[in-house]
Participant: 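Before we start, here is the structure in question, set down as structure tokens.
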2 protein chains.
Amino acid sequence: MIAAKTHPPQGTSVPTQTPLDPIDRTILATLQDEGRITNVELAGRVGLTAPPCLRRVRTLEESGIIRGYHAELDPAALGFGITVFAMVSLKSQAEADLLAFEEHVTALPEVRECHMLNGEIDFVLKIVAHDLQAFQLFLTSKLTPAPNVGSVKTSLTIRTAKQVPGVPVDLG
Amino acid sequence: MIAAKTHPPQGTSVPTQTPLDPIDRTILATLQDEGRITNVELAGRVGLTAPPCLRRVRTLEESGIIRGYHAELDPAALGFGITVFAMVSLKSQAEADLLAFEEHVTALPEVRECHMLNGEIDFVLKIVAHDLQAFQLFLTSKLTPAPNVGSVKTSLTIRTAKQVPGVPVDLG
DNA sequence: GGTGAAAGTTTTTCTCT
DNA sequence: AGAGAAAAACTTTCACC
């Protein structure tokens, strides 16, 4: 017989992630905006010296709050002139069918985002392509034949007024 | 009277941006994936020594192909549990009205993306919020009262199967 | 356009508070 | 937890091919 714990652990079972203090938030906001800033520059801005600043950054990375760093590229300069949103409805919403669709589209490099939504539309996809012809080919040969697809409605992006990575750290 | 040009400039008026060679593409793909990699590591991967690699990166930055670097943060860890897509149609599609709407929503920190689309839906917005209550408040007090709004249909993101920043550099 | 070495910073560790 | 000093690594410039 396994003895029951007489003293439940204090707090939750999840490691007590120290709630982010204002310095951590400033670090996150700064790195989200300028991902390649040097640690000494970052330390100066948040009012620390380099070593403790670096320790905080490493902690934030290891805890998964910072997932990674990415260069933001100009799609047009790489020949990707077309961005399309596709609203997809499936024939079946059984979990296995949802997963099968997700696995299919996740493997397609043209699909940059795939979000499952509530309501009549099951998924919204953000798709990039070199030109309209390449997109049409992608649509008919890759997306529409995906398992369990009911309907696909696509809308071309005419222009992008705002595209900010991440979340507003400043908001409480 | 202004003399007409007798010899039109060779090629286009845009500065002849050297088409990206395979090394540049590898640099871009690498930095898009690992934005904080050191230059020596990057140089090693693309088969160069550090100095020419750094020169290429600087050229790519100055030409605008690399727009910037950003840390990718975990929205949930910052308390942003809610991501919503809003499909907005305006009452008027005159350019001045489109711009007025864009200016309004661009200033809202909860709006992370705003794309103008063709078809019945004029704009798709990606919105983040701390919780449903905060989102409802945002919707009724910030988005719906935006100038010229006809209809707003919102869909909650249930889960995100794929979210890759940028474009597939590897694709021709 | 690339290489190799040298100079200047930055990162990172260590010790102390 | 943060500060200051020291060692290691990286960035950046320069002369050369």
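Remember, it's a predicted structure, so these values are computed and weren't measured experimentally.
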Participant: State, with a plain yes or no, whether a side-chain heavy atom of B:T83 is found less than 4.5 Å away from one of B:K126.
Facilitator: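 Side-chain contact under 4.5 Å: yes.
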Participant: Let me know the distance between CG of A:D24 and P of D:dA1, rounded to the nearest Å.
Facilitator: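 Nearest whole value for this atom pair: 10 Å.
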Participant: Looking at D:dG2, C:dT11, D:dT11, which one has an atom nearest to any side-chain atom of B:N39?
Facilitator: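 Output: D:dT11.
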Participant: Between A:E113 and A:H115, does any side-chain donor sit less than 3.5 Å from a side-chain acceptor?
Facilitator: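 A pair is found: one side chain offers a donor N or O, the other an acceptor, under 3.5 Å apart.
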Participant: Could you check how far CG of B:L42 sits from P of D:dA9, rounded to whole Å?
Facilitator: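 For the pair B:L42 CG and D:dA9 P, the rounded distance is 19 Å.
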Participant: Quick check on DNA chain D: between A:R36 and A:R55, whose nearest nucleotide comes earlier from the 5' end?
Facilitator: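 In this pair, the answer is A:R55.
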Participant: Please report the distance, rounded to the nearest Å, between CG in B:L54 and P in D:dT13.
Facilitator: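 Rounded to whole Å, this separation is 8 Å.
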Participant: Assess, by modelled atom type and distance only, whether the side chains of A:H104 and A:E102 contain a donor and an acceptor separated by less than 3.5 Å.
Facilitator: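 Short answer, no.
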Participant: Quick check on DNA chain C: between B:D21 and A:A50, whose nearest nucleotide comes earlier from the 5' end?
Facilitator: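 That would be B:D21.
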Participant: Can you tell me if A:T49 touches the phosphate of D:dG4, counting only side-chain N or O atoms and a distance under 4.0 Å to OP1 or OP2?
Facilitator: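 Indeed not, no polar side-chain atom of A:T49 lies that close.
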Participant: Figure out the CD1/P separation between A:I37 and C:dT9, and round it to whole Å.
Facilitator: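 Taking CD1 of A:I37 and P of C:dT9, I get 18 Å after rounding.
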Participant: To the nearest Å, give me how far apart CG (A:L48) and P (D:dG4) are.
Facilitator: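 Between P of D:dG4 and CG of A:L48: 12 Å.
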Participant: What is the separation between atom CD on B:E41 and atom C1' on D:dA8, rounded to the nearest whole Å?
Facilitator: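 From B:E41 CD to D:dA8 C1': 17 Å.
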Participant: Heavy atoms from C-beta onward define the side chain here; which of C:dC14, C:dG4, D:dT11 lies closest to that of B:P51?
Facilitator: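 Nearest to the side-chain atoms of B:P51, counting from C-beta on, is C:dG4.
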Participant: Indicate yes or no: does B:E61 engage A:R36 in a salt bridge with an N to O separation below 4.0 Å.
Facilitator: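 Result for this pair is no, no salt bridge flagged.
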